Amino acid sequence: MRGVYWLVCVLMMPLSAAAAELRDLRLWDGPESTRVVFDLSEAVSHNMFTLPNPDRVVIDISGLSSASIDRVNAVLGKGAVQHIRSGPRTGGIRVVLDLATPAKARSFSLAPTDEYGHRLVVDLEAARSPIALATQPGAVTEPAVPATATRLQDKPIVIAVDAGHGGEDPGARGKSGLLEKDVALSVARRLARNINAQPGMRAVLTRDGDYYVGLRERVNVARKHQADLFVSVHCNAFTKRSMRGTSVYVLSNRGASNEHARWLAHKENSADLVGGVELHGKDHELAAVLIDLSQSATMEASLDVGSRILRSMGQVNVLQKSDVQQAGFAVLKAPDIPSVLVETAFITNAHEEKLLADESYQDQLAAKILDGVKGYFQSYRPKQQIVDAEPYLQKVGATDISREARPAQGISQ
């Protein structure tokens, strides 16, 4: 009788193992998109489609246990997702995301990593509305036509401050549980505030919350705002917990400068895989970026500002290396913007982890990064071209045409 019992148990095991379990359901809300992440016990297949009036995203997940329904329905909406609801479906469950605003949806699966198991990710990108042109009925205003006289003046300095990792990608973790993404954001915010307090300087944060931003999108943010410098803030990490110190990296076209730099570059670049950006089939894009970055001016500028930041930060922490290091960080590959990556301290070192968690020490780190940046721009102040002109506005009405002179003024190019 006991043998029959065990035989029944063995026969039933494949059936019970066939259904995946939902371990967690997380929503990450960013300024441009909302990410929905299903943490799963094993890989599943899915089908996604959208429905209008009202706007909904429907995800049919095959092989997911019906026991997951209650867990899904208990999660509150966030960002673009107003409500989440689910119900049984043949072979799995159906999840419906009721949207607060129209959004473009895409989905993909992620294989297990050190931090997470199998995941199904749905990204909801905010739909962009067309730009409305302000016009007056019966009249059209033509743009002013400036004269050709030009001059140069100091340009307001724009610095892109990049807080490493975020959202689904926590970065490195200290022994006490301190996360790199949290330290990086805190230091980046402090640095941005300090920059904005300087006359003629302005900071742009690539992320200002706990959400993921792709490595290439961070560079795009800097280029969109015509940044003069890109500073990426991180915490260092290594398997040997006695390792300590601050370091600064710039891009190397020839690869990493030492074995530790190679390991570190691989760790940081893999964030795109954690965040869901597929890198397959992009060799031609990478080649184009590397060709552009071979320009000596950008590389020399990166090394210059990196050296200044490193010397400045040596006043608040020991330096892991006395020279700027070079590695293949994807986030440093802006073709026309000097870019540096600052490893503030080792989060895997107990002493430095304690320092990194201290707000006053974060203030010191931000202040010393700024000192290095200011020293660089005192020597290399960017210029902008100014056109001195006397433009005219030509108004075209229903029955007449008149020309209206305006005082001369400078027009930024």
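Counting begins at 1 with the first residue of the sequence. Small disclaimer: the values here were computed from a predicted structure and weren't measured.
- With no hydrogens or angles considered, no side-chain donor-acceptor pair links His118 and Glu42 at under 3.5 Å.
- Here the options are Gln362, Lys181, Glu359, the test is side-chain hydrogen bond (donor to acceptor under 3.5 Å, both in side chains), and the partner is Ser186; only Gln362 passes.
- Expressed to the nearest 0.5 Å, how far CG of Leu310 lies from OH of Tyr249 amounts to 10.5 Å.
- Ile93 CD1 to Arg71 CZ: the interatomic distance, rounded to the nearest 0.5 Å, is 12.0 Å.
- To the nearest 0.5 Å, atom CD1 of residue Ile369 and atom CE of residue Met313 are 4.5 Å apart.
- Applying side-chain contact (heavy atoms from CB on, under 4.5 Å) to Arg89 and the options Ile69, Val95, Asp60 leaves one that passes, Asp60.
- In this structure, OG1 on Thr348 lies 12.0 Å from NZ on Lys240, to the nearest 0.5 angstrom.
- The backbone N or O of Leu27 sits nowhere less than 3.5 Å from a side-chain atom of Arg35 that would complete a donor-acceptor pair.
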Passes side chain to side chain donor-acceptor pair (under 3.5 Å), His234 versus Glu343? Steps please.
CA-CA 5 Å; His234 290 257; Glu343 297 284 4; 4.9 Å; no
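- The pair Glu125-Lys104 does not meet the salt-bridge criterion, since no charged nitrogen lies less than 4.0 angstrom from a carboxylate oxygen.
- Applying the side-chain contact (heavy atoms from CB on, under 4.5 Å) test between Val331 and each of Leu251, Thr206, Val213, Asp162 identifies Asp162 as the sole match.
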task: Report the C-alpha separation of Asp123 and Ser33 in whole Å, then their side-chain angles, then the decisive distance to 0.1 Å, and conclude whether the side chain to side chain donor-acceptor pair (under 3.5 Å) test is met.
output: CA-CA 7 Å; Asp123 276 339; Ser33 64; 5.4 Å; no
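- Checking Glu352 against Asn317 by side-chain atom types alone, a donor-acceptor pair falls below 3.5 Å.
- No side-chain donor-acceptor contact under 3.5 Å links Gln82 to the backbone of Gly77.
- Between Asp29 and Lys78, none of the side-chain N atoms (NZ, or NE/NH1/NH2) sits under 4.0 Å from a carboxylate O, so this pair counts as no salt bridge.
- Dense packing is recorded around CD of Gln364, with more than 12 heavy atoms of other residues, nucleotides or ligands lying under 6.0 Å away.
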(request) Step by step, work out the side-chain contact (heavy atoms from CB on, under 4.5 Å) result for Val57 and Met48. (result) CA-CA 7 Å; Val57 176; Met48 185 186 75; 3.7 Å; yes
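- Salt bridge status for Asp304 with Arg308: present, with a side-chain N to carboxylate O gap under 4.0 Å.
- A salt bridge links Glu168 to Arg119: at least one charged side-chain nitrogen sits closer than 4.0 Å to a carboxylate oxygen.
- Nearest heavy atom pair, residue Thr50 against residue Ala105, reads CG2-CB, 4.3 Å.
- Considering CG of Leu22 and CG of Leu64, their distance stands at 6.0 Å, rounded to 0.5 Å.
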